[in-house]
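Here's the structure we're looking at; comments come further down.
Computed from heavy atoms alone, side chains included, the values below leave out hydrogens, waters and symmetry copies. Only a predicted model underlies this, so the values are computations on that prediction, with no experimental measurement involved.
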Amino acid sequence: MDAADVSQDLDHVLFTEEQIHQRLDELATQIDADYAGREPLLVGVLNGAVMTMSDLARAMHSHMQMDWMAVSSYGAATKSSGVVRILKDLSCDIRDRDVLIVEDIIDTGLTLNYLLDHLRGRGPASVEIMAMFRKPDALQVDVPVRYIGFDIPNEFVVGYGLDYAQRYRNLRDVGTLAPHVYS
């Protein structure tokens, strides 16, 4: 889906598909260098990180493995509730593994902070975070993010995996959702 397909639902486009892929290529190069000689486990946070995880993995030039978790703190709302639930856990043991959590967006940081503590309790060799988007002005907890695609304004955004009520995930660009859509 292109921004033109839903132009009436967007206030404006923040990042184009090309800008997103260029930044992912840069991040993949940095991750390859940082994990040289190791095989990290990329842990994608469903559903939003599907696009980021897929494109990041394809941009990498080193071996890695993938697993998925599903956590929820939003429901159909536009803001995090702060109550985190694990809906799908990992399928593999992460003890002594290098884990890279791949997230679509960091909003309040509450969900990711919970997930980080939860995974660290399982005895991995390391746990780092890669987030495609981060809202610095919305953060309520300081989460140590090693790899950041873009910092964005504290507005409700959709596209590239980011949704509103499970819609707009397949939008190739990232844009600010018009208030009339969720009012």
Side-chain angles (χ1 to χ4, degrees), residues 1-3 5-6 9-10 13-32 35 39-78 80 84-92 94 97-112 114-116 118-119 127-135 143 145-152 156-177:
M1 174 186 297
D2 297 316
D5 296 325
V6 290
D9 295 350
L10 300 177
V13 171
L14 291 171
F15 300 102
T16 65
E17 178 181 20
E18 294 77 22
Q19 291 171 309
I20 294 167
H21 284 280
Q22 179 182 351
R23 183 64 182 131
L24 271 173
D25 287 344
E26 295 166 0
L27 291 169
T29 298
Q30 185 178 357
I31 291 166
D32 282 335
Y35 288 93
E39 192 169 304
L41 173 67
L42 305 184
V43 174
V45 182
L46 294 171
N47 288 325
V50 168
M51 308 305 183
T52 300
M53 179 96 142
S54 298
D55 290 341
L56 176 67
R58 284 193 298 255
M60 291 176 67
H61 293 279
S62 57
H63 290 290
M64 55 79 205
Q65 294 180 17
M66 291 183 185
D67 204 346
W68 298 93
M69 288 188 81
V71 296
S72 176
S73 69
Y74 280 83
T78 60
S80 173
V84 180
R85 295 182 307 136
I86 294 179
L87 306 175
K88 183 220 175 289
D89 209 342
L90 295 172
S91 341
C92 67
I94 63 169
R97 301 284 312 268
D98 291 306
V99 175
L100 178 60
I101 300 170
V102 178
E103 182 66 284
D104 56 349
I105 190 167
I106 301 173
D107 196 332
T108 63
L110 295 171
T111 302
L112 197 51
Y114 171 86
L115 185 58
L116 189 59
H118 180 77
L119 293 179
V127 181
E128 299 290 348
I129 299 167
M130 180 273 172
M132 195 66 228
F133 304 100
R134 177 179 66 176
K135 294 180 180 180
V143 181
V145 183
R146 183 155 185 184
Y147 309 99
I148 299 169
F150 300 100
D151 280 331
I152 62 174
F156 196 79
V157 295
V158 294
Y160 199 67
L162 302 167
D163 75 303
Y164 172 66
Q166 297 300 323
R167 299 180 76 199
Y168 307 100
R169 286 192 197 278
N170 61 327
L171 175 61
R172 293 183 182 127
D173 307 310
V174 170
T176 302
L177 191 62

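- Scanning both residues, Gly161 and Arg169, for their nearest heavy atoms gives O-NH1, 2.6 Å.
- Using cut-offs of 30° and 60° for the angle between ring planes, the Tyr147 and Tyr35 rings count as tilted.
- For the atom pair CG of Asp151 and CZ of Phe133, the computed distance is 11.0 Å after rounding to the nearest 0.5 Å.
- A distance of 12.5 Å separates CE in Met130 from CD1 in Ile101, rounded to the nearest 0.5 Å.
- Screening Ile31, Ile129, Val43 for a side chain to side chain contact (heavy atoms under 4.5 Å, CB included) involving Leu100 leaves a single residue, Ile31.
- Side chains of Arg172 and Asp2 form a contact here, defined as non-hydrogen atoms less than 4.5 Å apart.
- If you take CG on Leu42 and CG on Asp98, they are separated by 11.0 Å, rounding to the nearest 0.5 Å.
- A pairwise comparison of heavy atoms in Phe156 and Asp163 identifies CZ-O, 3.4 Å as the closest pair.
- Taking CE from Met132 and CZ from Phe150, the interatomic distance works out to 5.0 Å, rounded to the nearest 0.5 Å.
- Looking only at side-chain heavy atoms (C-beta outward), Met69 and Leu119 come within less than 4.5 Å of each other.
- Side-chain contact check for Asp173 versus Leu10: every heavy-atom pair is 4.5 Å or farther apart.
- Between the CG atom in Asp67 and the CZ atom in Arg97 there is a gap of 9.0 Å [rounded to 0.5 Å].
- Scanning for salt bridge (charged side-chain N to carboxylate O under 4.0 Å, His left out) contacts around Arg58 gives Asp55, with sequence neighbours left out.
- Side-chain contact between Tyr160 and Thr52 is present, with heavy atoms from C-beta onward closer than 4.5 Å.
- Using modelled atom types, no side-chain atom of Asp32 and backbone atom of Met60 make a donor-acceptor pair closer than 3.5 Å.
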Start with the C-alpha gap between Val127 and Leu116, add the side-chain angles, then the distance that decides, and say whether side chain to side chain contact (heavy atoms under 4.5 Å, CB included) holds. CA-CA 8 Å; Val127 181; Leu116 189 59; 3.5 Å; yes
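- To the nearest 0.5 Å, the span separating CG on Asn47 from NZ on Lys88 amounts to 11.5 Å.
- Using a 4.5 Å cut-off on side-chain heavy atoms (C-beta onward), Ile105 and Lys135 make contact.
- No hydrogens or angles considered: a donor-acceptor pair under 3.5 Å links the side chains of Asp9 and Tyr168.
- Heavy-atom minimum distance, Ile152 versus Phe15: CG2-CE1, 3.4 Å.
- Contact check for Val71 versus Glu103: no side-chain heavy atoms found under the 4.5 Å cut-off.
- For Arg23, the salt bridge (charged side-chain N to carboxylate O under 4.0 Å, His left out) partners two or more places apart in sequence, or in a different chain, are Glu26.
- Nearest heavy-atom pair across Ala59 and Asp25 is CB-OD1, 3.5 Å.
- Residue Ala131 comes nearest to Ile106 through the heavy atom pair CB-CD1, 3.6 Å, listed as atom of the first residue, atom of the second, then distance.
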